[in-house]
Amino acid sequence: MSRLTSDFYTQDAITVAEKLLGKVLVRIREDGTESRYIITETEAYLGEEDLACHASKGRTKRTEVMYSEGGHVYVYLIYGMYWMFNIVTGDKDYPQAVLIRGLANITGSGKVGRELGLDKSFYGESLLNSERIWIEDAPDAMNYLTAPRVGIDYAGEIWKSKPWRFILQTSEN
DNA sequence: TGCACGATCTCG
DNA sequence: GAGATCGTGCAT
């Protein structure tokens, strides 16, 4: 399988979130160990008008990377202890990102960050040429569910109810 | 310069 | 059901 290219990541966040299901996340650790995970759950955050998207607060030091071209990594610390793993999508200057909420056998975005050993040094890393983290192609997922996004009560009913959460259907659920 | 809070999880 | 724990955005 080959590494996903710029053409994939520059699509809109909703399309990327859907197509990432079933793809393979590869992580090379400091000791050289390679880990591979199938992506099973994602969420799309789309633009400054999406009140659930961090970029809705405008361009800041924290959201800066979302304004770059798709294919970069956006990580941030939540609740003082969990690193969320996001992938920037779309064209330059149009802030969008996809949150990786679950990998095979690892459910929950906080646990994903812990499992991958993320920290702020991953902020802005490029999945197109990184030596330690990238995503490889795989056949598109045939069966998946959609649902409202989680943990964004502050975003208001309109954005809160958008079905922008994608869940891969496996033999286990 | 200070403060309240969050795209969470684990334990009791 | 509450605590852990800290960077960020916004008020002072």
Tabulate protein N/O versus nucleotide N/O from nucleotides 3-5 of chain C, keeping only pairs under 3.5 Å, one per line.
unit_1 : atom_1 : unit_2  : atom_2 : d
C/dT5  : O2     : A/Tyr79 : O      : 2.5

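Comparing C/dA2 with B/dC5, their P atoms sit 15 Å apart, to the nearest whole Å.
A/Gln169 places no side-chain N or O within donor-acceptor distance of the main-chain N or O of A/Asn143, the cut-off being under 3.5 Å. Of the possible polar contacts, one joining the A/Thr63 side chain to the A/Thr60 backbone as a donor-acceptor pair under 3.5 Å is found. Side-chain atoms of A/Tyr94 never come within 3.5 Å of backbone atoms of A/Asp12 as a donor-acceptor pair (strictly under, hydrogens ignored).
Counting Ile, Leu, Val, Met, Phe, Trp and Tyr side chains that sit under 4.5 Å apart, directly or through other members, A/Trp134 shares a hydrophobic cluster with A/Val24, A/Val26, A/Ile28. With a 4.5 Å cut-off between side-chain heavy atoms of Ile, Leu, Val, Met, Phe, Trp and Tyr, the cluster of A/Val150 takes in none.
Taken residue by residue, residues 86-103 of chain A places heavy atoms nearer than 4.0 Å to DNA chain B at A/Asn86, A/Leu99, A/Arg101. Shown for residues 108-124 of chain A: no residue has heavy atoms falling under 4.0 angstrom of DNA chain C.
Contact annotation: the side chain of A/Ile167 never approaches that of A/Tyr144 to less than 4.5 Å [non-hydrogen atoms, C-beta and beyond]. When side chains are defined from C-beta on, A/Val73 does not count as touching A/Leu118, because their heavy atoms never get closer than 4.5 Å. Side chains of A/Val112 and A/Tyr37 form no contact here, defined as non-hydrogen atoms less than 4.5 Å apart.
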- Item | Protein-to-nucleotide contact annotation, 5' to 3' order, nucleotides 7-12 of chain C [B base; S sugar-phosphate only; - none; under 4.0 Å, heavy atom] | -SS---
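Among A/Ile14, A/Thr89, A/Ile152, A/Val98, the single residue meeting the side-chain contact (heavy atoms from CB on, under 4.5 Å) criterion with A/Tyr45 is A/Ile152.
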- If you write DNA chain B from 5' to 3' in dot-bracket form, with Watson-Crick or G-U pairs under 3.5 Å, [ ] for crossing pairs and | for pairs with another strand, what do you get? ||||||.||||.
- Message: Walk me through whether A/Trp159 and A/Trp164 qualify under side chain to side chain contact (heavy atoms under 4.5 Å, CB included).
- Response: CA-CA 9 Å; A/Trp159 297 104; A/Trp164 290 349; 3.8 Å; yes
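Around atom CD of A/Glu131, no more than 12 heavy atoms belonging to other residues, nucleotides or ligands sit under 6.0 Å away.
Here A/Ala52 lies in heavy-atom contact (under 4.0 Å) with a base.
Legend: salt bridge (charged side-chain N to carboxylate O under 4.0 Å, His left out) pairs involving residues 119-130 of chain A, not counting sequence neighbours, sorted by first then second residue: A/Glu125-A/Arg132. Each side chain to side chain donor-acceptor pair (under 3.5 Å) pair with one or both residues in residues 73-82 of chain A, not counting sequence neighbours, appears once here: A/His54-A/Tyr74. For residues 140-151 of chain A, the set of pairs meeting the salt bridge (charged side-chain N to carboxylate O under 4.0 Å, His left out) definition, not counting sequence neighbours, comprises A/Lys23-A/Asp140, A/Asp50-A/Arg149. Applying the salt bridge (charged side-chain N to carboxylate O under 4.0 Å, His left out) test to pairs two or more places apart or on separate chains, those with a residue in residues 89-106 of chain A are A/Glu41-A/Arg101, A/Glu43-A/Arg101, A/Arg59-A/Asp93.
Across all their heavy atoms, A/Leu20 and A/Thr42 have their closest contact at CB-CG2, 4.2 Å. In terms of heavy atoms, A/Leu25 sits closest to A/Ile133 at CD1-CG1, 4.0 Å.
For DNA chain B, the outermost nucleotides in 5' to 3' order that have an atom under 4.0 Å from a heavy atom of chain A are B/dG6 to B/dT10.
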